[in-house]
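Remember, it's a predicted structure, so these values are computed and weren't measured experimentally. Numbering of ligands and ligand atoms starts at 1, following listing order. Positions are given from 1 along the sequence.
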Amino acid sequence: MELRSGNIALRPLRQTDAGRLAELANNEKISCNLRDGFPHPYTLEDAENFLQKFTNQDPVTFFGIDYNGEYVGNISLFPGQDVYCKSAEIGYFIGEPYWNKGIVTTAVNLITEYGFNHMHIIRIHTGVFEYNTASMRVLEKCGFVNEGVFRKSVFKQGKLWDEVRYAKLKPASGK
Ligand SMILES: CC(C)(COP(=O)(O)OP(=O)(O)OC[C@H]1O[C@@H](n2cnc3c(N)ncnc32)[C@H](O)[C@@H]1OP(=O)(O)O)[C@@H](O)C(=O)NCCC(=O)NCCS
């Protein structure tokens, strides 16, 4: 299965992505924006363990992002449970050499469309640490709405930070 727009494609992760994943992910400018489950330093073993869990998924929730045929990062869409079963949480990163080329904006648009049309969800949401202006910009470009701030909800690198919450509803499903 592949979702594509021009030279950007989302496809299932492969065990052979491990080496490149470890190279790209081992960057504190990336890990500082993500939950602690994304470690720093990020070793080849971390990459292999991660891929062990998230290859051969059915349905796919974690996708690799390819740019010009090269693996450059990940994007995920996790469905909620219980009363949140019509929502999903989005997450993403790409390697620093590929920043500011519009890649994640395209990837978010692709996975959002896939989620709304194939996953029976009507809401996609995420939280962005207060200092991550690039990610907020991506979400705003993709039509996500700032729904407010979870004050001091994030403890990262020994400090408390606000988290800015963003969400997008499936068109025509709003109240
Ligand atoms: C945040 C991240 C996903 C953005 O990916 P990307 O492919 O570079 O994003 P795009 O190129 O599609 O868009 C980036 C936008 O942010 C803007 N931007 C970049 N750095 C910025 C900054 N410091 N302040 C304000 N805007 C910034 C860019 O100018 C661009 O907006 P524009 O198109 O209006 O010019 C990427 O930097 C990344 O992987 N970061 C580390 C992991 C991460 O933060 N994940 C998200 C956690 S919520």
Which ligand 1 atoms does [X] reach within 4.0 Å, using its non-hydrogen atoms?
X: T133; value: 22 (C), 23 (N), 24 (N), 25 (C)
X: N33; value: 41 (C), 43 (C), 44 (O), 47 (C)
X: F93; value: 39 (O), 42 (C)
X: K101; value: 11 (O)
X: L34; value: 45 (N), 47 (C)

Using heavy atoms and a 4.0 Å limit, tell me yes or no: is T126 in contact with ligand 1?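 T126 does not count as a contact of ligand 1 under the 4.0 Å cut-off.
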
Less than 4.0 Å is my threshold; does some heavy atom of E96 fall inside it relative to ligand 1?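 E96 does not count as a contact of ligand 1 under the 4.0 Å cut-off.
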
Which option, [options], owns the non-hydrogen atom nearest [atom]?
atom: atom 18 (N) of ligand 1; options: C32, A134, A107; result: A134
atom: atom 44 (O) of ligand 1; options: T106, N27, N132, T105; result: N132
atom: atom 9 (O) of ligand 1; options: I65, V138, I94; result: V138

With ring centroids as reference points, do F54 and F62 lie under 6.0 angstrom apart?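 Yes, they do, as the ring centres are separated by less than 6.0 Å.
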
For F38 and F93, I'd like to know if the aromatic rings sit close, meaning centre-to-centre distance below 6.0 Å.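 Yes, the ring centres sit under 6.0 Å apart.
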
Minimum side-chain heavy-atom gap [X]-[Y] below 4.5 Å:
X: Y92; Y: V108; answer: yes
X: P171; Y: F116; answer: yes
X: Y166; Y: V164; answer: yes

To check your reading of the model: name the closest protein heavy atom to [atom], its residue, and the distance in Å.
atom: atom 7 (O) of ligand 1; answer: V104 N, 3.0 Å
atom: atom 31 (O) of ligand 1; answer: R137 CG, 3.3 Å
atom: atom 45 (N) of ligand 1; answer: Y92 O, 2.8 Å
atom: atom 38 (C) of ligand 1; answer: W99 NE1, 3.6 Å
atom: atom 33 (O) of ligand 1; answer: K141 NZ, 2.6 Å
atom: atom 11 (O) of ligand 1; answer: G102 N, 2.8 Å
atom: atom 28 (C) of ligand 1; answer: N100 OD1, 3.4 Å
atom: atom 48 (S) of ligand 1; answer: S135 OG, 3.4 Å

Any protein heavy atom under 4.0 Å from atom 3 (C) of ligand 1?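 It does; a protein heavy atom is within 4.0 Å.
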
From atom 20 (N) of ligand 1, is the closest protein heavy-atom distance below 4.0 Å?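 So atom 20 (N) of ligand 1 has protein heavy-atom neighbours under 4.0 Å.
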
Got more than 12 heavy atoms from elsewhere within 6.0 Å of CG, N56?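 It does not: N56 CG has 12 such atoms or fewer within range.
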
Which of these passes salt bridge (Lys or Arg N to Asp or Glu O under 4.0 Å) with E89: R35, K168, R165?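 One option only clears the test, and that one is R35.
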
Assess the side chains of E70 and Y98: does a donor N or O sit below 3.5 Å from an acceptor N or O?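 Judged by distance alone, the side chains do pair up.
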
Check this for me, if you would: do [X] and [Y] make a salt bridge, where the nitrogen-to-carboxylate-oxygen distance has to be below 4.0 angstrom?
X: E163; Y: R151; answer: no
X: E28; Y: K156; answer: no
X: E147; Y: R123; answer: yes

Nearest 0.5 Å, please: how far is OG in S153 from CH2 in W161?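 With rounding to 0.5 Å, CH2 (W161) is 12.5 Å from OG (S153).
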
